[in-house]
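Values below: every heavy atom of this structure, side chains too, minus hydrogens, waters and symmetry copies.
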Amino acid sequence: MIIGLDIGSAKTTLCAGNFDQNGRVEIHNVAMVKSRGVERGVVTDLGELAGCVEEVVRKAESKFKTAESSGCRKKDLKIESVYATINGEHILGNNTKGVLNLSQRPVEITRKDTQRTV
């Protein structure tokens with residue numbers, strides 16, 4: 001399942017779908033809420049924006065549960081990651097690389113190791 005999240009000034013939209021056998025996108029679910037914390041493409045309140053994203057995720061997940069109960073395709077969707085878009089002149093990207101030396105012998109990489117690298 002591929003999840004797309006678009007954060008706009010007027011609305012925040014989440015779309016869930018996948019590719020069919022012919023390579024075409026098959027949309028399974030769309031959820032939309034009124035945006036909060038964004039004005040004219042600029043993030044003005046990060047807390048409000050985070051609440052808006054949580055709301056659209058909950059709405060999409062509940063739509064899947066409703067579809068299951070009405071006899072539609074069985075899809076148990078728990079959204080854990082998304083491809084997100086947000087526009088604005090204030091948005092800057094920065095590609096970086098992180099390195100963490102562990103040891104010469106094989107060791108399990110823990111969540112703490114990942115956080116230290118970031």
Side-chain angles (χ1 to χ4, degrees):
M1 190 67 66
I2 300 167
I3 311 293
L5 174 69
D6 180 54
I7 300 170
S9 297
K11 67 183 181 211
T12 297
T13 308
L14 188 138
C15 183
N18 63 1
F19 292 101
D20 66 12
Q21 293 105 330
N22 300 319
R24 292 182 299 220
V25 176
E26 183 178 338
I27 303 299
H28 297 288
N29 191 353
V30 175
M32 211 176 320
V33 297
K34 186 177 184 302
S35 286
R36 300 183 308 274
V38 181
E39 293 178 20
R40 293 188 218 153
V42 176
V43 176
T44 56
D45 186 331
L46 194 55
E48 282 288 317
L49 179 57
C52 180
V53 170
E54 287 176 9
E55 181 183 351
V56 77
V57 167
R58 280 194 309 271
K59 188 173 183 179
E61 289 175 343
S62 70
K63 276 184 163 185
F64 267 94
K65 290 176 184 163
T66 303
E68 284 179 2
S69 63
S70 65
C72 293
R73 258 188 177 161
K74 296 268 184 193
K75 292 277 184 193
D76 187 21
L77 179 66
K78 179 71 176 156
I79 297 170
E80 295 177 357
S81 66
V82 300
Y83 290 96
T85 64
I86 186 167
N87 269 330
E89 291 182 22
H90 67 296
I91 304 295
L92 299 173
N94 186 20
N95 295 328
T96 62
K97 293 183 180 184
V99 176
L100 177 67
N101 291 326
L102 295 172
S103 76
Q104 296 294 347
R105 59 186 173 84
V107 296
E108 181 178 349
I109 297 172
T110 65
R111 190 176 296 268
K112 184 177 177 183
D113 294 328
T114 303
Q115 289 170 347
R116 286 176 45 207
T117 304
V118 171

[atom1]/[X] to [atom2]/[Y] distance, rounded to the nearest 0.5 angstrom?
X	Y	atom1	atom2	value
T85	D6	OG1	CG	3.5 Å
L14	E55	CG	CD	12.0 Å
I2	H28	CD1	NE2	9.5 Å
N18	R24	CG	CZ	12.5 Å
L5	I79	CG	CD1	9.0 Å

State yes or no: do [X] and [Y] share one hydrophobic cluster built from I, L, V, M, F, W and Y residues joined by side-chain heavy-atom distances below 4.5 Å, directly or via other members?
X	Y	answer
V33	V30	no
V57	M32	no
F19	M1	no
I7	V43	yes

Checklist entry - Can you list the residues that meet the salt bridge (charged side-chain N to carboxylate O under 4.0 Å, His left out) rule with E48, with sequence neighbours excluded? => result R36

Checklist entry - Who pairs with R116 by salt bridge (charged side-chain N to carboxylate O under 4.0 Å, His left out), at least two apart in sequence or on another chain? => result D113

For the student: nearest non-hydrogen atoms of [X] and [Y], plus distance:
X	Y	answer
S9	G41	OG-N, 2.7 Å
V56	A31	CG2-O, 3.5 Å
V38	L49	CG2-CD1, 3.7 Å
S35	C52	CA-SG, 3.8 Å

Checklist entry - So, does D20 use its side chain to make a donor-acceptor pair with the main chain of E26 at under 3.5 Å? => result no

Checklist entry - Are side-chain heavy atoms of I3 and Y83 found at a separation under 4.5 Å? => result no

Next on the checklist: With a 6.0 Å cut-off (strictly less than), is the heavy-atom count around CG of N95, excluding the residue itself, greater than 12?
Outcome noted: no

